[in-house]
Amino acid sequence: MTLRIYNTLSRKKEDFQTLKPGKVGIYLCGPTVYKHAHIGHMVGPVIIDTIARYLKYNNYEVKFVNNITDIDDKLINKATELNTTVEKLATDMTQDYFQNLETMGVDTITDFPKATDYIQEMLDIIQSLIEKGNAYPLDGDVYFSAESDPNYGSLSGRKIEEMIAGTRVEANDKKKNPADFALWKRSREGEPAWDSPWGPGRPGWHIECSAMSRKLLGDSFDIHGGGLDLMFPHHENERAQSECCTGKNYVRYWVHNGLMQASDAPGKVGGQHDRHGDVVVDQEAQEADKLSGSKGAASVKELFAIHPPELVRLFLLSTHYRSPIAFSNENIQETGKGIEGFYRFFETFERITGESFYNLPTSEKREHSVSLEGTPAEYFQQLSELRQRYLEAMDDDFNTGGAIGVLFELRSTLNALIHEQKLDSEGKQNQPMVEALKSGACLLKELSNLLGVFRKASKKEPEADDGLANQLMELVLEIREEARASKNWDIADKIRDGLAACQITVEDRPEGSLWRRG
RNA sequence: GGCGCCGUAGCCAAGUGGUCUAAGGCGGCGGAUUGCAAAUCCGUUAUUCCCCGGUUCGAAUCCGGGCGGCGCCUCCA
């Protein structure tokens with residue numbers, strides 16, 4: 001088993017080799033906490049969480065850092081607009097972010113550093129860069145000199161000259177070179193400020209990540225994640241300043257996820273920066289577009305009101321993480337139809353074994369994967385192969401889409417076992433086959449848990465399920481059962497059709513009728 | 001204008017030199033089962049991977065050229 005991972009730096013898949021054997025350091029650029037998160041903000045965390053799960057499964061000890069940017073121009077502006085303080089806004093939005101992560105099942109993150117707790121570390125790096133001639137102070141600001149880094153542009157594949165040619169912004173007349181970027185920004189009256197050798201100010205955007213990752217993961221670490229849109233300028237600048245400061249290789253593997261896009265309109269979710277050729281669309285139109293939410297930029301909470309979080313997670317993982325993913329309620333619903341089949345299987349499983357799928361024991365380590373010994377040969381073969389294919393998919397640059405395909409096949413295999421052995425009816429006492437089913441279900445649980453799904457029962461309608469509804473349904477089904485017993489199909493079907501109109505599906509089984517919503 | 005990504009069935013999507021006469025899902029069709037359904041199972045649904053050339057014994061996969069979609073170049077995940 002060789003784990004392979006695509007590295008943006010080399011634009012190739014590479015064998016995964018950590019800096020320290022058995023340990024992985026991961027840094028993921030986190031949100032600027034000035035507004036509620038939208039679904040696009042969840043893509044990176046869900047993907048890196050899945051990668052972290054898989055690495056842990058492969059016996060790595062994972063340190064996963066996800067920063068919180070709690071000082072930034074956007075925060076300052078938004079706080080002013082809302083007539084609140086930067087601190088208050090940041091605290092509230094950080095809470096919102098944490099809640100969203102929890103709902104999405106992202107729980108492998110070990111550290112959440114806040115930018116404002118690392119000002120000293122940033123100042124140290126800036127100071128060191130000035131001393132080495134990679135940065136220069138200018139009127140209370142400090143700029144990084146892009147030209148001073150011979151490797152500048154290696155990550156994004158851009159050359160400094162080309163960047164200058166492509167610059168549309170009014171070139172900052174003060175900077176030595178338009179490609180230079182701010183490490184430290186002088187604060188104006190009333191803005192948050194920290195003392196520095198260059199006067200009161202606040203850190204530039206890129207320096208935060210360099211400082212926090214260095215402090216928590218060291219000068220060099222293994223994986224740096226983030227959206228494709230951060231590759232330039234953010235990651236390029238981060239890499240440049242870190243490497244110029246430490247003289248060491250900053251990151252071994254750069255992992256960039258594709259952006260979520262609205263499927264019915266061009267541009268990424270949350271609004272794009274429109275530019276047709278050289279024509280820059282005016283700012284106002286862009287803002288209106290973003291605020292309208294018409295591109296699917298609804299907050300994560302609004303989305304969860306429509307779709308179960310587990311479904312959203314599976315939807316995000318159903319395509320390869322480097323590909324863009326088209327967001328639309330229709331697309332999510334289609335995934336939803338697929339996920340229903342798993343829920344049906346879990347119900348059937350419980351009916352046969354009397355055990356809840358969610359309580360099955362699983363292994364969180366590849367080397368202790370569920371044993372299939374004792375499983376009848378024909379199923380042993382199939383289950384082993386499916387496990388093999390799942391692991392091969394994941395080993396190959398975390399191909400979650402391929403892995404999910406295997407999960408569906410695994411489900412079909414188990415349903416076929418149930419069907420062939422009649423486990424859901426007279427064959428219930430067939431102990432060897434029931435054991436085989438349990439082993440297979442354990443495997444399904446182990447593999448799906450790696451993707452962060454089917455870990456615990458997801459209540460589709462937690463509030464709606466009051467006792468009254470259950471009582472009424474019991475009564476209705478009893479009446480229908482009597483009608484069926486006397487072959488009064490008209491009445492029986494009328495009841496069933498009527499329930500269907502109320503979004504209730506009735507399923508007649510030999511041992512009685514079942515019902516469910518949806 | 002510069003840099004980069006992508007184009008696989010009705011739809012979503014995996015596969016990036018032979019095991020591909022191309023996973024899996026949704027949808028469709030046929031069958032088993034059922035009073036009829038639902039759920040489940042079985043079978044079927046692309047001789048072909050945007051188009052045109054080329055490299056190769058061999059290409060969806062590599063190269064060149066088109067056409068089409070998208071991203072970045074603006075402190076956006």
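The figures that follow rest on heavy atoms only: side chains count, while hydrogens, waters and symmetry mates do not. So you know, we letter chains A, B, ... as the sequences are listed, proteins then strands, and number each from 1.
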Inset, instruction - Look at all strands and tell whether A:Arg202 reaches a base, only sugar-phosphate, or nothing, counting heavy atoms closer than 4.0 Å. - result: nothing

Side-chain donor-acceptor contact under 3.5 Å, [X] with [Y]:
| X | Y | value |
| --- | --- | --- |
| A:Asp96 | A:Thr94 | no |
| A:Thr505 | A:Trp515 | no |
| A:Glu392 | A:Gln388 | yes |

Euclidean distance for [atom1], [N] against [M] (whole angstrom):
| N | M | atom1 | result |
| --- | --- | --- | --- |
| B:G7 | B:C51 | P | 13 Å |
| B:C20 | B:C11 | P | 25 Å |
| B:C49 | B:A59 | P | 12 Å |
| B:C3 | B:C26 | P | 43 Å |
| B:A23 | B:G31 | C1' | 24 Å |
| B:A22 | B:U34 | C1' | 36 Å |
| B:C62 | B:U16 | P | 10 Å |
| B:G4 | B:G28 | P | 44 Å |

Can you check nucleotides 31-37 of chain B for protein contacts, nitrogen or oxygen pairs under 3.5 Å, and list what you find?
unit_1: B:G35; atom_1: O6; unit_2: A:Arg484; atom_2: NE; d: 3.3
unit_1: B:G35; atom_1: N1; unit_2: A:Asp493; atom_2: OD1; d: 3.0
unit_1: B:G35; atom_1: N2; unit_2: A:Asp493; atom_2: OD1; d: 3.4
unit_1: B:G35; atom_1: N2; unit_2: A:Asp493; atom_2: OD2; d: 2.6
unit_1: B:C36; atom_1: O2; unit_2: A:Arg496; atom_2: NH2; d: 2.4
unit_1: B:C36; atom_1: N3; unit_2: A:Arg496; atom_2: NH1; d: 2.9
unit_1: B:C36; atom_1: N3; unit_2: A:Arg496; atom_2: NH2; d: 3.2
unit_1: B:C36; atom_1: N4; unit_2: A:Asp508; atom_2: OD2; d: 3.3
unit_1: B:A37; atom_1: N6; unit_2: A:Asp508; atom_2: O; d: 2.9
unit_1: B:A37; atom_1: N1; unit_2: A:Asp508; atom_2: N; d: 2.8
unit_1: B:A37; atom_1: N3; unit_2: A:Arg496; atom_2: NH1; d: 2.9

Inset, instruction - Flag this pair as yes if the NZ/CZ of A:Arg4 is under 6.0 angstrom from the six-membered ring centre of A:Phe16 and inside a 45 degree cone about the axis; otherwise no. - result: no

Inset, instruction - Take the angle between the ring planes of A:His224 and A:Tyr27 and call it parallel below 30°, perpendicular above 60°, tilted in between. - result: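 If you compare the ring of A:His224 with that of A:Tyr27, the planes turn out tilted.
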
Inset, instruction - If the plane angle is over 60° it's perpendicular, under 30° parallel, otherwise tilted; pick one for A:Tyr54 and A:Phe398. - result: perpendicular

Just how far, in rounded Å, is [atom2] of [N] from [atom1] of [X]?
| X | N | atom1 | atom2 | value |
| --- | --- | --- | --- | --- |
| A:Met394 | B:A23 | CE | P | 22 Å |
| A:Phe327 | B:C70 | CZ | P | 18 Å |
| A:Leu407 | B:A13 | CG | P | 19 Å |
| A:Asp72 | B:U74 | CG | C1' | 14 Å |
| A:Tyr34 | B:A77 | OH | C1' | 11 Å |

Legend entry - Selection residues 408-418 of chain A - residue pairs positive for side chain to side chain donor-acceptor pair (under 3.5 Å), sequence neighbours left out: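 Every pair satisfying side chain to side chain donor-acceptor pair (under 3.5 Å) with a residue in residues 408-418 of chain A: A:Arg389-A:Glu409.
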
Inset, instruction - Kindly indicate whether the side chain of A:Gln261 and the base of B:G71 share any N or O donor-acceptor pair separated by less than 3.5 Å? - result: no

Legend entry - Among B:C41, B:C26, B:A23, the one nearest A:Arg389 by side-chain distance: B:A23

